[in-house]
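Note sheet for the following structure.
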There are 2 protein chains.
Amino acid sequence: MTLSEEDYIKTIYHLSGGQEASISTNAIADQMDTKPSSVTDMIKKLSEKNMVNYRKYKGVSLTEKGRLTALSIVRKHRLWEVFLVDKLDFAWDEVHEVAEQLEHIKSDKLIDKLDTYLGNPRVDPHGDPIPSKDGEFKKSVKKLVSELPVGSEGVCVGVNDSSVAFLKFLDKNQISLGDTLKIVEREDFDGSMSILINKREMRISDQIASNLYLEVLEKN
Amino acid sequence: MTLSEEDYIKTIYHLSGGQEASISTNAIADQMDTKPSSVTDMIKKLSEKNMVNYRKYKGVSLTEKGRLTALSIVRKHRLWEVFLVDKLDFAWDEVHEVAEQLEHIKSDKLIDKLDTYLGNPRVDPHGDPIPSKDGEFKKSVKKLVSELPVGSEGVCVGVNDSSVAFLKFLDKNQISLGDTLKIVEREDFDGSMSILINKREMRISDQIASNLYLEVLEKN
DNA sequence: ACAAATATTTAGTTTTGTCTAAATTTATTT
DNA sequence: AAATAAATTTAGACAAAACTAAATATTTGT
Ligand SMILES: [Mn+2]
Ligand SMILES: [Mn+2]
Ligand SMILES: [Mn+2]
Ligand SMILES: [Mn+2]
């Protein structure tokens, strides 16, 4: 697989959203900032290689082979993102570009060793799941902290209330997007809860909990 | 710079051996496993970009711009090699291929952070010097341990006597190629010396010292 | 000094991945 | 059910990086 082929496969995977959806030529072209005619050319090549199912004018979908290829690239991308944030101290929102390059490095041994070195992480710095070597992974969903049961663990990925007051509160309490949050206990009376944020324990009100989004793995 | 241009620049740099030498088309073609005609094509392009000085039939040499470009690639290559050995636990002789890929990743921030993370190493796992960000570095030389003054530090890179007996001795005493060795003290009487091998102290005879090669940085 | 050998460049193709413009198919309106 | 609009494919071209075969320059041996 060439670098360019890998990028197409990955784009088709992401546009499919986990489903076996049929993706249009124009959707791929838009996403990749290229022309529809270039997409058609590449699709034909990928079809030859049995990476996609293609019917003229009807769009493409990944074959099982294509899906596994996509997952291996996603796995590499997300492991490198973990490396950049955990080991090299990059901020969570500046790792994507570099990971786009690193994901194309070819060496199974490298990825195995990187995975081990990082402690076999299940999610990347954005809370997205990291597929296993054989292409298995749990989907992740974005939910308000207030909607999740005790014991849930995930990554802070957004806010509902983007008022200055709320953002200042988060800042003062050292809660940043990209932080890992675990729900330790909830008080039924007022909905307040005790949480672990980056391994530090603190207590938050229901009002906070219902304005903070967490990316968590779905349980099977 | 494309990946291919970078590989040519790097090859010309290595063939020049630090000198301002004129490198022949065929030498580059041999080294890169390509055809002389392909080399000529690429040389013309690099000459357009002021990376090399080129006179038809007379060979090429790097310009200052080309030399700095080469050094930045060499820096990346060697830093990644340190990462692979020190952090990911690769053996010193299995890192080159992967580093050949990693050296082309484009991100100044990445290399700065990697350098810091690795503790600003001066040499790679093969004892070769790592150029600084602005292209400065000490040359390294390969010498027998017995030829070096007390205080010298370097990487074990080869043996003079490759008899089974000597290799077995090294193995039994846990001395491997790639290990870091420092000369602590020498006994004038018999030439025996006390050394630090991977931070472990031991004593070796002159016979051992005169059969083990060390790669050390030249002092300025 | 000159012929033979070797090195290097030129000319013409090929493959990959992209593009524009034109043709064709599919979807949407009236 | 046309007519029109939008999406998609085809045809032809181009740039990058490689190749083969042929032409030209340089070096070497006598
Ligand atoms: Mn990313
Ligand atoms: Mn991510
Ligand atoms: Mn190397
Ligand atoms: Mn090296």
Practice task
Could you pull out all residues at least two apart from A:Ser162 that satisfy side chain to side chain donor-acceptor pair (under 3.5 Å)?
Solution key: none
Exercise for the section: Using side chain to side chain donor-acceptor pair (under 3.5 Å) as the criterion, list what pairs up with B:Asn211, not counting sequence neighbours. Expected result: none
So, does [X] get its side chain near the phosphate of [N], meaning an N or O under 4.0 Å from OP1 or OP2?
X	N	answer
A:Ser38	C:dT18	no
A:Tyr54	D:dT9	yes
A:Thr40	D:dT10	no

[X] [atom1] to [N] [atom2]: how many Å, rounded?
X	N	atom1	atom2	result
A:Asp33	C:dT18	CG	P	12 Å
A:Arg55	C:dT25	CZ	C1'	14 Å
A:Ile43	C:dT18	CD1	P	12 Å
B:Lys44	D:dA15	NZ	C1'	16 Å
A:Asp41	D:dT10	CG	C1'	9 Å
A:Met42	D:dT10	CE	C1'	18 Å

Practice task
Sorted by first residue and then second, give each side-chain hydrogen bond (donor to acceptor under 3.5 Å, both in side chains) pair with at least one member in residues 136-149 of chain B; sequence neighbours left out.
Solution key: B:Ser140-B:Glu215
Could you list, one pair per line, each protein nitrogen or oxygen that sits under 3.5 Å from a nitrogen or oxygen of nucleotides 2-5 of chain D, together with the distance?
none

Handout entry: Interface residues of residues 22-31 of chain A with DNA chain D (non-hydrogen, below 4.0 angstrom)
Key = A:Ser24, A:Thr25, A:Asn26
Exercise for the section: Using a cut-off of 6.0 Å, state whether more than 12 heavy atoms not belonging to A:Lys49 lie near its atom NZ. Expected result: yes
Handout entry: Pairs where residues 122-134 of chain B contributes a residue and the test salt bridge (charged side-chain N to carboxylate O under 4.0 Å, His left out) is met, not counting sequence neighbours
Key = B:Arg78-B:Asp124, B:Asp112-B:Lys133
Practice task
Return each pair, listed once, that meets ring-ring contact (aromatic ring centres under 6.0 Å, His included) where at least one residue sits in residues 21-48 of chain B; pairs must be two or more places apart or across chains.
Solution key: none
Listed pairs, N/O of protein and of nucleotides 21-27 of chain D, under 3.5 Å:
{"unit_1": "D:dA25", "atom_1": "O4'", "unit_2": "B:Tyr57", "atom_2": "OH", "d": "3.3"}

Problem - Test side-chain contact (heavy atoms from CB on, under 4.5 Å) applied to B:Leu68 - qualifying residues, sequence neighbours left out - result: B:Glu64
Exercise for the section: For A:Gln101, check side-chain contact (heavy atoms from CB on, under 4.5 Å) against everything at least two apart and list the hits. Expected result: B:Ile105, B:Lys106
With a 3.5 Å cut-off and sequence neighbours excluded, list the donor-acceptor pairs that the side chains of residues 20-30 of chain A form with protein atoms.
{"unit_1": "A:Ser22", "atom_1": "OG", "unit_2": "A:Lys58", "atom_2": "O", "d": "2.9"}
{"unit_1": "A:Ser24", "atom_1": "OG", "unit_2": "A:Ala27", "atom_2": "N", "d": "3.1"}

Please set out all donor-acceptor pairs under 3.5 angstrom arising from side-chain atoms of residues 36-43 of chain B, sequence neighbours excluded.
{"unit_1": "B:Thr40", "atom_1": "OG1", "unit_2": "B:Pro36", "atom_2": "O", "d": "3.2"}

Exercise for the section: Assign the ring pair B:Phe166 / B:Phe169 to parallel, tilted or perpendicular, where the plane angle (0 to 90°) is split at 30° and 60°. Expected result: parallel
